[in-house]
Structure formats: structure tokens, C-alpha cells
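Below is one structure, written out as C-alpha cells, with a few remarks after it.
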Amino acid sequence: MINFSIVTINWNNLDGLKDTYRSLQSQTYRNFRWIVIDGASKDGSGEWLRSLDDPQAEITIEPDKGIYDGMEKGRLRAVETPGFTLFLNSGDALADPNVLDRISAEISSATVMPKFVYGDFYRKDETGALKRVAAHPIERAPLGLPASHQTMYFENERLRQFKFRLNYKLSADYCLLLEFLQGLDLQADVLQLSFPLCIFDTTGVSHKRRFEAIREDMDIRTRVLKYSKPNALALYVLHYVHTHTKQLRASLGR
């Protein structure tokens, strides 16, 4: 039976935290830990977490140094047990009540036990509207995240070897993914699923600061993938133009 460790970080997002919790409570598959790292919120999140009477919830409430410091604390807790780890931030949700059940079945029926599992997702905008987004092939990871990190399940034994690089304020999840994938057989060790796994809340910090994030991505490609500076810069320019075009079209309602 597959065990999941689900890490949720939170800071002053009580409503989003409750949405995430309801999503997990609705799951038909119950073999999971919910590891909550709250950065000493001031909006009542801590009080609500302390009031939970849920044996699956493992709660830490203390100041941290930001998003990825919280995720790193969660990673350290998650890899204490076998299975797979998902980073599902407050405000994000699993796509439907059967997601963990379906993922467990797919992993269990795989010819080779995967090291990494990911798939499609729904993107939720500020109006609450959902748009389904198909995950990209894993071979495209050097170009950017193949899907939202809220669809990504990391096998814990391997995840113990890597950590979030806290010098990256917006793209440490991308850096972790690239380091995790290095040395894997992408055909045998990676399982891509063709159904939606999560609802990704796009109102988060990294989405709003996309131009800063793609600058960090450029540095990550030179350090982890050993891209030359001209090649990394060329990809940065392409991502910059693409992001600017998307934001311009959105502002025009197209």
C-alpha cells in the first residue's frame, strides 16, 4: 500500500489552508500524512491548526525564513517514512476525492516502481475559474517546470538526497526537480499521468513575480544543467517574451 506524505506550508492564509484541508479530508484513500508547516501566522491559522483533532495532521508552528524554508522543514519530516512526498501549499487542492486512490493504483500497477510521478492540473485564477492544463513531457524539464509542483510526487528514499536551495526565493522547487531528475532513466523512472491531479491557486507569490523567477531559472540552468551563459540567456529571453505576451493578452481579455 502506497504511503503519501503531503506537505502544506502556510503563512497568513487561513481560508486557503481550510480549503486544502477539506480537499484532503474528502480523499477516499486515507494512507497519508498531512505535514503542516505554519510560519507563525497572525491571522488565526495557528489557533485553528491547534484545534484540529486529526491524527493524520502533523503540525509545526514556528517562524521561518520564507516559503522554501518552510518547504525544506516539511521535506525533512516527509522523508522520515517510505513512500512519496507531495508539496501542496495552502490554497491549493487535490483535483477530486479520488486523486490519491488513482495515483496509488497507477504506481502499484507500474512495471517499474517510479521515482517521480506527475500529471495534468487545473489552474485557478483570481475569479475562481478553472482551466485544465496538460503536463509537458518530462524531457522538457530543462525548459521549465513540466507541470505545477502541486502535481509532483517525489519518491522519499531518493528525495532524502536533495534539499531546497534557499538562495533561490522563487524557483527553488525548479532547482530541486532538476537535481532530483539527474541520473534517472526518464522513460522507466518517471510516471506521467493524463488526468488532473490538483487545483493550482495562481494568486501565489511566485506566479505574481514571474519575471524574477525566470531570472532565477537562468542561473539554475547554468549551475545544475551546466548550460553555457549564452544558451541560458537565450532561454531567458524566450521565457521573458512569452511571459510578457501572456500578461499583455490577459490584460486585453484575449
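This one's a predicted model, so the numbers in the text were calculated from it and none came from an experiment.
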Can you confirm whether [X] sits close enough to [Y] that some side-chain heavy atom of one is under 4.5 Å from a side-chain heavy atom of the other?
X	Y	answer
Leu24	Gln56	no
Arg75	Leu159	yes
Ser5	Arg33	yes
Leu193	Tyr153	no
Met71	Ile37	no
Val117	Glu106	no
Ile103	Phe4	yes
Tyr29	Met1	yes

Closest approach of [X] to [Y] (non-hydrogen atoms, all atoms of both residues):
X	Y	result
Leu178	Ala141	CD2-O, 3.8 Å
Lys115	Arg158	CB-CD, 4.5 Å
Gly144	Arg221	N-NH2, 3.8 Å
Cys198	Ser148	SG-OG, 3.6 Å
Ala147	Ala135	CB-CB, 3.9 Å

So, using ring-ring contact (aromatic ring centres under 6.0 Å, His included) as the criterion, who are the partners of [X] when residues are at least two apart?
X	value
Tyr168	none
Trp11	none
Phe121	none

Rounded to the nearest 0.5 Å, what separation is found between the [atom1] atom of [X] and the [atom2] atom of [Y]?
X	Y	atom1	atom2	value
Ile59	Ser45	CD1	OG	11.0 Å
Asp38	Leu49	CG	CG	5.5 Å
Ile138	Gln192	CD1	CD	7.5 Å
Phe200	Thr151	CZ	OG1	10.5 Å
Lys65	Leu166	NZ	CG	7.5 Å
Arg50	Glu47	CZ	CD	6.0 Å

Side chain to side chain donor-acceptor pair (under 3.5 Å) contacts touching residues 84-98 (sequence neighbours left out):
Asn10-Ser90, Asn13-Ser90, Thr28-Asn98, Thr85-Asn156, Asp92-Gln150
[X]: salt bridge (Lys or Arg N to Asp or Glu O under 4.0 Å) partners, not counting sequence neighbours:
X	answer
Asp64	none
Arg223	Glu179
Glu62	Lys73
Glu157	none

Measure up the Phe180 and Phe116 rings against each other and bin them: parallel (under 30°), tilted (30 to 60°), perpendicular (over 60°).
tilted
Quick one: which residue pairs count as a salt bridge (charged side-chain N to carboxylate O under 4.0 Å, His left out) with a foot in residues 5-28, not counting sequence neighbours?
Asp19-Arg22
Would a hydrophobic clustering, with Ile, Leu, Val, Met, Phe, Trp and Tyr connected at side-chain separations under 4.5 Å, put [X] with [Y]?
X	Y	result
Val99	Trp34	yes
Leu143	Leu181	yes
Val36	Ile9	no

From the list Ile6, Leu86, Ile2, side-chain contact (heavy atoms from CB on, under 4.5 Å) with Phe32 holds only for Ile6
Does anything in residues 71-93 pair up under ring-ring contact (aromatic ring centres under 6.0 Å, His included), and if so which pairs, sequence neighbours excluded?
Phe87-Phe164
Run through the side-chain heavy atoms of Ile, Leu, Val, Met, Phe, Trp and Tyr, join any pair under 4.5 Å, and report what else lands in Leu130's cluster.
Tyr122, Ile199
Could you list the cluster mates of Leu76? Members are the ILVMFWY residues connected by side-chain heavy atoms closer than 4.5 Å, either directly or through other members.
none
Let's go through Leu176 and Arg165 carefully: what are the C-alpha distance in whole Å and the side-chain angles of both, what is the deciding distance for side chain to side chain contact (heavy atoms under 4.5 Å, CB included) to 0.1 Å, and is it a yes or a no?
CA-CA 7 Å; Leu176 176 72; Arg165 307 286 183 177; over 6 Å; no
Side chains of Glu139 and Gln187: do they bring a donor and an acceptor to under 3.5 Å?
yes
Do Asp173 and Met152 pass the side chain to side chain contact (heavy atoms under 4.5 Å, CB included) test, and can you show the C-alpha distance, the side-chain angles, and the key distance before you say yes or no?
CA-CA 10 Å; Asp173 53 348; Met152 299 181 183; over 6 Å; no
Within 6.0 Å of CZ in Arg77, more than 12 heavy atoms from elsewhere
yes
Between Phe154 and Phe162, is the gap from one ring center to the other below 6.0 Å?
no
Polar side-chain atom of Asp43 near backbone of Leu14 as donor-acceptor pair, under 3.5 Å:
yes
Donor-acceptor pair, distance only, cut-off 3.5 Å: does the side chain of Thr222 make one with the backbone of Asp219?
yes
